[in-house]
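One structure is given here, and the rest of the page talks about it.
Owing to the predicted nature of the structure, the values given are computational and were not obtained by experimental measurement. Counting starts at 1 for both ligands and their atoms, in listed order.
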Amino acid sequence: MANGFPLEKCRAIITGASSGLGAEFARQLAPDAEWLVLVARRADALEEVKTNLSSHKVQVHCCVADLATDAGRDAMTAFLDVNGLKPNLLINNAGLGDYGTFASSEAAKTRMQLELNMTALTMLTHAMIPRLQRPGGIINVSSLASTLPMPALAVYAATKSYVTSFSEALAIELEGAGITVTCLCPGPTPTNFSKTAKRADGTDTDRDGQGLLRIPPSQVVRLALEGVNTGRPCVFPGTGVIVAGTLFRLMPRWIMRRVLRGRFNKGKV
Ligand SMILES: NC(=O)c1ccc[n+]([C@@H]2O[C@H](COP(=O)([O-])OP(=O)(O)OC[C@H]3O[C@@H](n4cnc5c(N)ncnc54)[C@H](OP(=O)(O)O)[C@@H]3O)[C@@H](O)[C@H]2O)c1
């Protein structure tokens, strides 16, 4: 296991910090951090997160950028360089999903998932490794969905599979380079995720069994930061998520397909 990354006086970039897990990372890091850069598209929502941190001494910078585009990603790195900000922690958290079948999906939303969940995370990591001060840390927010194929959430689950695979390999590459990589695989968590993933026609997801896995964002982030502190390469937050993740990864693929087919067909009736 890699050495842990000490969070005291950290200088962190948090993508997708305007709501949900990203805003929670900002709240939990604020008491100890030197500065935070909050990145997302909605300036007003970022300013609200910043205002809520004003009781702490931490300096908070808001960087408005659409990370699903090359221009937005370049704007984020330029923001750091222009302001002379040298981070030691990158939290690749921005991401989105899309409930419904692939055949009925909108091409633009599919492309956005690929761009944000995979390309942004990869290219920002590439741009930040030379900029990260040592000891440094990278947290990549993946999902429990990375452990299984998910009909009616197919592209999202595949992008998160990529994130987990990429992060675990990178953690090994960067061992000894002074950068700890932690992959966070949350289960269903109450944030704006579902609102964004729902389609305009109301297409939603099958929530059967999700109650056993759901824990609040505050607990997900607390467990993630504990994992970073102790140098764990992969964090499955919560007992239900640990059990489910272990089961999904060990289950023979043919049994997995049978279970998923049954669940998918049930949803169609
Ligand atoms: N909630 C869950 O059940 C769950 C489970 C497992 C994993 N996750 C993962 O957790 C991460 C955080 O999601 P969340 O649950 O906190 O959902 P959320 O509340 O919807 O937050 C998503 C964040 O991403 C930002 N974002 C979306 N598109 C962006 C873009 N093009 N450029 C820059 N920022 C963008 C959003 O801000 P703007 O709209 O202001 O840009 C927002 O701050 C995601 O990677 C998600 O896949 C969530």
Side-chain angles (χ1 to χ4, degrees), residues 13-28 36-50 62-76 79 91-99 108-109 111-124 139-148 150 153 155-164 166-167 182-198 204-205 207 209-211 213-221 223-224 234-238 240-241 244-245 248:
I13 308 161
I14 308 171
T15 71
S18 61
S19 74
L21 293 174
E24 187 58 34
F25 271 112
R27 270 190 286 279
Q28 292 198 26
L36 301 173
V37 174
L38 312 180
V39 191
R41 293 166 303 177
R42 288 171 299 146
D44 51 342
L46 284 177
E47 284 301 330
E48 196 180 327
V49 174
K50 178 177 173 174
C62 295
C63 171
V64 177
D66 181 350
L67 299 177
T69 66
D70 278 331
R73 299 187 277 263
D74 291 346
M76 192 196 101
F79 181 90
I91 306 183
N92 279 310
N93 164 76
L96 89 156
D98 180 33
Y99 295 148
K109 198 169 178 189
R111 185 180 289 276
M112 201 187 286
Q113 286 179 92
L114 302 175
E115 281 291 334
L116 188 63
N117 300 2
M118 295 194 298
T119 310
L121 178 138
T122 310
M123 300 320 292
L124 291 179
I139 303 176
N140 285 338
V141 181
S142 182
S143 171
L144 176 62
S146 69
T147 60
L148 74 172
M150 293 190 72
L153 201 56
V155 170
Y156 176 74
T159 65
K160 293 299 183 178
S161 244
Y162 170 89
V163 173
T164 299
F166 169 66
S167 305
T182 306
C183 179
L184 173 65
C185 297
T189 311
T191 62
N192 281 339
F193 179 87
S194 290
K195 199 169 131 202
T196 310
K198 263 186 214 167
D204 202 345
T205 193
R207 292 179 206 283
Q210 285 196 0
L213 308 174
R214 192 174 287 113
I215 58 172
S218 55
Q219 212 176 329
V220 172
V221 168
L223 293 167
C234 226
V235 174
F236 285 79
V241 175
F248 296 156

Please confirm whether F248 and F236 have ring centers closer than 6.0 angstrom.
no
Would you say F79 and V39 make side-chain contact, with heavy atoms under 4.5 Å?
no
R73 side chain near L124 side chain, heavy-atom distance below 4.5 Å:
yes
Positive for side-chain contact (heavy atoms from CB on, under 4.5 Å) with P237, one of L144, T189, V220:
V220
Per the under 4.0 Å non-hydrogen criterion, ligand 1 touches G16, A17, S18, S19, G20, L21, A40, R41, R42, A65, D66, L67, A68, N93, A94, G95, L116, V141, S142, S143, Y156, K160, P186, G187, P188, T189, T191, N192, F193, T196
Do E48 and R42 sit within salt-bridge range, that is, some charged N less than 4.0 Å from a carboxylate O?
no
For F25, what residues pass the ring pair (Phe, Tyr, Trp, His ring centres under 6.0 Å) criterion, not counting sequence neighbours?
none
